[in-house]
Amino acid sequence: MPQESGFPPPKRFKGGSPLFTFPRRPAMQAGTPRKPPTVPLEVQRRQLPIFHARPQLLAQLRGLESAILIGETGSGKTTQIPQYLYECGIGRQGIIAVTQPRRVAAISLATRVSEEKKTELGKLVGYTVRFEDVTSDETRIKFLTDGMLLREAIGDPQLRKYSIVILDEAHERTIHTDVLFGVVKMALKKRKELGKVPLKVIVMSATMDVDLFSQYFNKAPVLYLEGRQHPIQIFYTKQSQSDYLQAAVVTLFQIHQEAPFSQDILVFLTGQEEIEAMAKTCRDVVKHLPDDSPQMAVMPLYASLPHSQQLRVFQTAPTGHRKVILSTNIAETSITIAGIKYVIDTGMVKAKKYNPGSGLEVLAVQRVSKAQAWQRTGRAGREDSGMCYRLFTEAEFEKFDSMTVPEIQRCNLASVMLQLLAIRIPNILTFDFMSKPSPDAIRAAIEQLSLLGAVEKKEDQILLTSLGRKMAAFPLDPRFSKTILLSPKFHCTEEILTIVSLLSVDNVLHNPPSRRDDVQAVRKKFISSEGDHITLLNIYRAFKTLGKNKEWCRENFVNGRNMMLVSEVRSQLRDICMKLSMPIESSRTDTGNIRQCLAHGLFMNTAELQPDGTYATIDTHQPVAIHPSSVLFHCKPACVVYNELLHTSKCYMRDLCLVDADWLFEAAPDYFRRKMELERDAWAGPRADTELCAESGVRRQARLEEPDAE
DNA sequence: GAGCACTGC
């Protein structure tokens, strides 16, 4: 029977009575060391639950064209299946590909399997991820990111190198996996039609989406694998919680007072600010607990945290301290921490939604799906039995969506559509997606590509232009590929390459909230009144000339590790330019032509200052604001282009560049002329009074240049 | 007037 914990809530939290009653359980010896794994690899392989299923599994897989493999975590499917297939000679005519959504997974799996096969990594077993290709002619089992296989498909739509493609972690439904489903399905069909070496497709997933996967791959049989997950007890709150943060703190301290300090706790929260605030609260509350209470090592965990601080979560807490990790959903899949006994799930996540109509991305705190909640729960039972405290009622849980909406239905599809065209999909409008994006989203993407000159419409067909084909060569958003391709005209390719690379790496700058003033003071020397792009360029130049030492990076709040990544991206992009025989020049001290080039690539993302001091986009007259992270935050530039709009508390423009209105009109006269005509038609109607609005710079420019202006 | 979930090529 459950027992009252008797934990008195910390005084500062009003109404914070215990949310859960604790089950009785035997007292644990504190600090019991875990058994080191000394079992030989070969024996370990035989101990996996999947080993017993090997004969039947192989017998079935041998005969099947495609199969869905459902296996719980710990079944060993990802490491064993490729080896089993190879060992018994299935798929010997080619390479066995195993895709992963994340780089680290591809690398560590390849390392593990090569150890099990007692071969050097890169020989029989290898991996390919961006910037790293550890394979050779001997490679027969190849782990790669799904994005990488997609890129390979541009050069070889039938994936002829491969005899078997295993799509792992399919339940995560990343945009790349979803596109690959279609590409692989097409390759399979095509190779069969042409009488070539057949392709075998194996979709591996946790226990979700089974029917959908099976239906999609021509009713492929579903094979189930037993897992080796430890039991996890789940607790729900009795009442609905209006304040999940307070509920989390109360529950955390309830467990903290009750459980041996050697048992770690993982709390799922939604973002940096929330996590840092709760970390502070926890550290404060601990000070006021009775002297015999265990200490607490509170560790925040989120992606923008510098890598060195992320690594802290893997260290054991000092003696007498309990490890408490406050994390975003990064700990759901990307980072696995050993020894978690308790999971506290707020049931909330910060996630992006996309509205194709307005092209607006909304970043909002929302409910997790059931699948996500189960994934979080699973983090408690990796080495031993665990407990999961859900800060919502069971009735509420039943109302959660069963699955997270696949990424492909939440994204701008311009990049995906361009890739599909480059893979020579016969008709991208009817592409066989497992979960179709909305027609609006597809239309918006094609419209964007058409404005960039990447596609043209011919008799209901969408065709890739030669410019579009060049754009597809870059691993970038089409707007940035276009900007690079335009840069020779403005003699600033070196600078544009730097800027685009900086923009495609996250967290180049470090902004610890506690040192806001120091950050601002030190950034001053780099700031350009021309906007964020030029400011970033200044920082990169400083980094290149004096900054490769750690001291400089620390003093200037620059993330050195990510800066090195920027220069890797840059050299990759530069190589692509060279292959396309582009002249690569530097504009040196002139920034005007850099901004002009950016204006030509980003003309779709223009906003203008309104008479009342606010901003509105040219495109849809959406009211927008300058993001506080921008160097132009306190300024009132008349006309800017921006990288993206993100709706949080307001609709913010991020990464701004000051531009001249006439550059924009030069960049896309048809686009702005059409916008004008549309508006003129609107004015002719009952809304004629809106003509009293201040005339925008771009519009004025359009009027001046329009050949048939009144 | 005041803020940035997570991947990947």
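Scope of the values below: all heavy atoms of this structure, side chains included, with no hydrogens, waters or symmetry mates. Letters A, B, ... mirror the listed sequences (proteins, then strands); counts begin at 1.
- Which of B/dA5, B/dA2, B/dG8 sits closest to the side chain of A/K352 comes down to B/dA5.
- Residue A/F633 and nucleotide B/dG1 are classified as a stacked aromatic pair, their ring centres being separated by less than 5.5 Å at an interplanar angle below 30°.
- The distance between atom OH of A/Y127 and atom P of B/dG8, rounded to the nearest whole Å, is 14 Å.
- The side-chain hydrogen bond (donor to acceptor under 3.5 Å, both in side chains) test applied to A/R424 returns no partner, not counting sequence neighbours.
- Within the 4.0 angstrom heavy-atom criterion, only backbone atoms of the sugar-phosphate kind lie near A/I330; the bases stay farther away.
- At a threshold of 4.0 angstrom between heavy atoms, the contacts of A/V365 with the nucleic acid are absent.
- A salt bridge is absent between A/E152 and A/R160; no separation between the charged side-chain nitrogens and carboxylate oxygens falls under 4.0 Å.
- The distance from atom CG of A/L305 to atom P of B/dA5 is 12 Å, rounded to the nearest whole Å.
- If you find the closest nucleotide of DNA chain B to A/K636 and to A/A351, the one lying nearer the 5' end belongs to A/K636.
- With sequence neighbours left out, A/R390 forms a salt bridge (charged side-chain N to carboxylate O under 4.0 Å, His left out) with no residue at all.
- Looking at heavy-atom distances under 4.0 Å, A/R102 makes contact with sugar-phosphate atoms alone, never a base.
- As judged by a 4.0 angstrom heavy-atom cut-off over every strand, A/D506 is placed among the base-contacting residues.
- Counting any heavy atom pair closer than 4.0 Å across all strands shown, A/S649 reaches sugar-phosphate atoms only and no base atom.
- Of the candidate nucleotides B/dG3, B/dA5, B/dC9, B/dC9 has the atom nearest to the side chain of A/P475.
- Using a cutoff of 4.0 Å between basic side-chain nitrogens and carboxylate oxygens, A/R102 and A/E169 are not scored as salt-bridged.
- Residue contacts for A/R410: at a heavy-atom cut-off of 4.0 Å it reaches no nucleic acid atom on any strand shown.
- The side chain of A/T333 contributes no N or O atom lying less than 4.0 Å from OP1 or OP2 of B/dT7.
- Closest approach to the A/H627 side chain among B/dA5, B/dG3, B/dA2 is made by B/dG3 (side chain taken as heavy atoms from C-beta onward).
- Computed from coordinates, the A/L573 CG to B/dG8 C1' distance equals 14 Å when rounded to whole Å.
- Rounded to an integer number of Å, the gap from NE2 of A/H647 to P of B/dA2 is 14 Å.
- A/R103 has a side-chain polar atom (N or O) that falls below the 4.0 Å cut-off from OP1 or OP2 of B/dC9.
- Of all nucleotides listed (B/dC6, B/dG3, B/dC9), B/dC6 comes nearest to the side chain of A/S334.
- Exactly one of A/K353, A/M348, A/K350 qualifies for a side-chain contact (heavy atoms from CB on, under 4.5 Å) with A/Q366. That residue is A/K353.
- Using a 4.0 Å cut-off between a side-chain N of Lys or Arg and a carboxylate O of Asp or Glu, A/K352 and A/E407 do not qualify as a salt bridge.
- A/Y127 and A/E132 share a donor-acceptor pair across their side chains, judged by distance under 3.5 Å alone.
- Listed nucleotides: B/dG3, B/dG1, B/dC6. Nearest to the side chain of A/Y652: B/dG3.
- Remark: P of B/dC9 and CZ of A/R130 are 7 Å apart, rounded to the nearest angstrom.
- Looking at A/R654, its side chain has no donor and acceptor atom pair within 3.5 Å of the base of B/dG3.
- Spacing between atom CG of A/L301 and atom P of B/dA5 amounts to 13 Å, rounded to whole angstrom units.
- Contact check, A/T328 against B/dC6: a side-chain N or O comes under 4.0 Å of OP1 or OP2.
- Atom CZ of A/F131 is separated from atom P of B/dG8 by 11 Å (rounded to the nearest Å).
- For the OP1/OP2 pair of B/dC9 and a distance below 4.0 Å, the side-chain nitrogens and oxygens of A/S504 include no atom meeting the criterion.
- Taking side-chain N and O atoms only, A/Y302 has no distance below 4.0 Å to OP1 or OP2 of B/dA5.
- We find that CG of A/L646 is positioned 15 Å from C1' of B/dA2, with the value rounded to whole Å.
- With DNA chain B read from its 5' end, the first of the two nearest nucleotides for A/Q272 and A/Q572 is the one closest to A/Q272.
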